[in-house]
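Both backbone and side-chain heavy atoms feed into the values below; hydrogens, waters and symmetry mates do not. Computed from a predicted structure; not experimentally measured. Lettering of chains follows the sequences in order, A, B, ..., and the numbering in each one begins at 1.
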Number of protein chains: 2
Amino acid sequence: MFSKACEYAIKACIFVAQSSIRNERVTPKQIAEEINSPVAFTAKIMQQLVKNNLVSSYRGAYGGFEIEKDRVAQISLSQIVSAIDGDKIFNGCGLGLDACSESHPCPVHHQYKTIRQDLQKLLDSTNLKQLALGIETGLSYLKT
Amino acid sequence: MFSKACEYAIKACIFVAQSSIRNERVTPKQIAEEINSPVAFTAKIMQQLVKNNLVSSYRGAYGGFEIEKDRVAQISLSQIVSAIDGDKIFNGCGLGLDACSESHPCPVHHQYKTIRQDLQKLLDSTNLKQLALGIETGLSYLKT
DNA sequence: TTTAATTCGGATATTTTTATCTTATTTATT
DNA sequence: AATAAATAAGATAAAAATATCCGAATTAAA
Ligand code: FES
Ligand code: FES
């Protein structure tokens, strides 16, 4: 469904969000530890998230990554997925035709469209605040 | 969502089904032509489908691939997807945790579970006969 | 001003997926 | 028996995804 990079990105964002709510910046090392991911690869992904304006970074001592508190509830999963995996998942053809279209549909178009829309709705309506809260209250987990 | 191999497999199966209904066997070359895929790679995928008993193959002159007419309506997309991509898509964690579980859920577990189930229902309830008919009647297309 | 801690960027390495090539084997027809 | 047409199987290649490494730039604090 999502690329490994995207899975890491989502989990990383949740952890950063959770920390940011507590006014704490975090380093790639801390993130990797918390979400059980390779450090350097995670750092690369964080750079992409910064470029896409989903996460803020601060260099030097006492630096690290954070998400502005006010924005935590505004950042949806779909934004993160788009930033890392692009939007093929939201508008691409399920069978890999060059484009998904009503006028030249693939055999599974009608079925697939529904799933795709449901997925988008879901990712649109799920934000980092909700997810961070789930972790905070011990209802869900970022690693095994 | 699906791997390239799986996309090819689904399209190939639809074409083979359509041909089988007309009592015609098809070669990898014909399949590749029809679904716009690399021949040799497609041939490899056909082998996997044969191993998984979804498609029958016949060597030698007048050989090729076919699906027993009676089985066309019994073969669902989920069987094809399982054969090529495995069942991670049906029961794996959306964020890549080792296992998806109610007692140790990832942050998106509840949301993701719904999508996953909807997808499975859909793939379970869609069979090759329906899809081949769509192609046959010009309602859908296997390539751009 | 030095130091330590940090992100950034580019180069490189490894693994997986996608794709190709080549040879062997099977089979119907001639 | 020979031939031609086909799948099977294994080796190899190319591309993409995943992962690592290292040096440069930045920054707060000592
Ligand atoms: S054309 Fe394939 S999903 Fe729309
Ligand atoms: S634990 Fe992640 S989807 Fe169920």
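Clustering ILVMFWY residues whenever any of their side-chain heavy atoms sit less than 4.5 angstrom apart, transitively, puts B:Phe15 in a cluster other than the one holding A:Leu97.
Considering only heavy atoms from C-beta on, A:Pro28 comes within 4.5 Å of A:Phe65 through its side chain. In this structure, A:Glu66 and A:Ser19 have side chains that are not in contact, with every pair of non-hydrogen atoms separated by 4.5 Å or more.
Between A:Tyr112 and B:Phe2, the angle of the ring planes lies from 30° to 60°, which puts this pair in the tilted group.
A:Ile31 CD1 to A:Thr42 OG1: the interatomic distance, rounded to the nearest 0.5 Å, is 7.5 Å.
The separation between A:Lys51 atom NZ and C:dT7 atom P is 15 Å, rounded to whole Å. A:Ile84 places its CD1 atom 15 Å from the C1' atom of D:dA19, with the value rounded to the nearest Å. As rounded to whole Å, 11 Å separates atom P of C:dT6 from atom CZ of A:Phe65. The CD atom of A:Glu7 sits 10 Å away from the P atom of D:dA19 (whole-angstrom rounding). In this structure, the NZ atom of A:Lys29 is 12 Å from the P atom of C:dT7, given to the nearest Å. Straight-line distance from the CD1 atom of B:Ile31 to the P atom of D:dA6: 12 Å, rounded to whole Å. Separating the CE atom of A:Met46 from the C1' atom of C:dC8 is a distance of 13 Å, rounded to the nearest angstrom. D:dA9 atom P lies 12 Å from atom CD of B:Gln48, rounded to whole Å.
For B:Glu68, the CD atom is loosely surrounded, since the number of other residues' heavy atoms within 6.0 Å does not exceed 12.
Note on B:Thr27: every side-chain N or O is 4.0 Å or more away from OP1 and OP2 of D:dT7. For C:dC8, the OP1/OP2 oxygens have a side-chain nitrogen or oxygen of A:Ser57 closer than 4.0 Å. Contact check, B:Tyr8 against C:dT18: no side-chain N or O comes under 4.0 Å of OP1 or OP2.
Minimum atom distance to the side chain of B:Pro28 is reached by D:dT7, of the listed D:dT7, D:dA9, C:dC8.
Taking B:Lys113 as the reference, B:Glu102 meet the salt bridge (Lys or Arg N to Asp or Glu O under 4.0 Å) condition, with sequence neighbours excluded.
At a threshold of 4.0 angstrom between heavy atoms, the contacts of A:Val26 are confined to the sugar-phosphate backbone, with no base atom among them.
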Response to the item:
Expected string for nucleotides 20-30 of chain D under the B/S/- scheme (protein heavy atoms, under 4.0 Å, primed atoms plus P, OP1, OP2 as sugar-phosphate) is B----BBBSS-

